[in-house]
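Bear in mind the structure is a predicted one, so any value in this text is a computation, not a measurement. Chain A is the first sequence line, chain B the second, and so forth, proteins listed ahead of strands; every chain is numbered from 1.
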Protein chains: 2
Amino acid sequence: MKLSSLADYAVVLMGAAARHCGGVRVSAAMLAAETGVPVPTAQKIVSLLTRAGLLRSSRGTGGGIQLARPAAAISLADIVEAIEGPIAMAACVDAGRHDCALEGSCKVQPHWGAVNGAIKSALGQVSLASLSHDHITTGAPA
Amino acid sequence: MKLSSLADYAVVLMGAAARHCGGVRVSAAMLAAETGVPVPTAQKIVSLLTRAGLLRSSRGTGGGIQLARPAAAISLADIVEAIEGPIAMAACVDAGRHDCALEGSCKVQPHWGAVNGAIKSALGQVSLASLSHDHITTGAPA
DNA sequence: GGGCAATCAGACCGATCTGGTCTGATTGGA
DNA sequence: TCCAATCAGACCAGATCGGTCTGATTGCCC
Ligand code: SF4
Ligand code: SF4
């Protein structure tokens, strides 16, 4: 029940990128130096984020990355899903996935849907824009 | 962003145990046979749950386990924390834990508290009693 | 009172995944 | 044309998880 370090760093990097949104493209190395994340790790995260469609990247000299969407349209859920894959607490919430041998006899299976939806919603209501504010915006339901 | 199989199985086992609440003590093997979880794994989970104080166990012939508290007083958060440790999305939400090198310069750190609380709350509002019902009770906020 | 069977409890090991580093492909500028 | 800068993907060590096994403890039965 904890998200991976990669995902955590991804949030930090995206937050830093959001502050440079109006400016020019920034390189992954710049973001790494700004946040303290190791440079190679930052490159890998940027790669994943770009592949997921959250960032727009340009290679070559003077290249860099920038947000593919406005900061207000990117949520924590998007970032987490980009790094860790779909948000699915149990193995049976994702339709089409049937990796659990207990399906059919499992009594709690139908309940996971609601719980999973609640968590996904909690993460979806926190946008990058709210992360840029210094004060705490209770973007998530209490 | 997914919980471990052990925690998932723990929820299933606790749900099965809750149905036997009014009866006699049940053995871990019985619950395993009833749910389909491998027997040794079920024993391990029962062990962890007992150590966490969610179950009351008795050794010896005729021994077994029973809920330490009413089913309505046990939530998903309790079970998950018993298996996976404290619910802390990032490394900096738990007061006293300072394992992250980015603390101090990290801009998103103060926001994790609200998110973490929201998720913990979502899991805390689902009780074992609601899991025993067949119909879906939206015990979690939409 | 002694032996036995049943049960929980903890230690051990293999497998999977994560986290991190490295090298290569690509692009723009000098 | 060459070079420097940057992203992109492959590679490997470490940690954690999942599962199995054996041992300690208790109550029952003889
Ligand atoms: S079927 Fe039951 S045990 Fe299997 S993943 Fe779903 S909730 Fe968990
Ligand atoms: S300080 Fe920042 S990077 Fe470190 S755990 Fe907290 S949120 Fe994540």
Exercise for the section: Give B/S47 one of three labels, base, sugar-phosphate or nothing, depending on what nucleic acid heavy atoms sit under 4.0 Å from its own. Expected result: base
Practice task
Could you check whether A/S4 gets within reach of a base, just the sugar-phosphate, or nothing at all, counting any heavy atom under 4.0 Å?
Solution key: sugar-phosphate
OP1 or OP2 of [N] less than 4.0 angstrom from a side-chain nitrogen or oxygen of [X], does that happen here?
X: B/S5; N: D/dG18; answer: yes
X: A/R51; N: D/dC7; answer: no
X: A/T50; N: D/dC7; answer: no

Just checking, is any N or O donor in the side chain of [X] or [Y] under 3.5 Å from an acceptor N or O on the other one?
X: A/D8; Y: A/S5; result: no
X: A/R25; Y: A/S58; result: yes
X: A/H20; Y: A/Q66; result: no

Practice task
Report yes or no: is there a donor-acceptor pair, N or O only, under 3.5 Å between the side chain of B/K44 and the base of C/dG10?
Solution key: no
Problem - Sole candidate of B/I83, B/L13, B/I65 that passes side-chain contact (heavy atoms from CB on, under 4.5 Å) when paired with B/L49 - result: B/I83
Exercise for the section: Select one nucleotide: of C/dG20, C/dA9, C/dT27, the one nearest the side-chain heavy atoms of B/S57. Expected result: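 That would be C/dA9.
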Handout entry: Comparing A/R59 and B/S58 on DNA chain C - which has the more 5′ nearest nucleotide
Key =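 Nearer the 5' end of the strand: B/S58.
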Practice task
Return the 5'-most residue of the pair A/Y9, A/Q43 with respect to DNA chain C, ranking by each residue's nearest nucleotide.
Solution key: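 Result: A/Y9.
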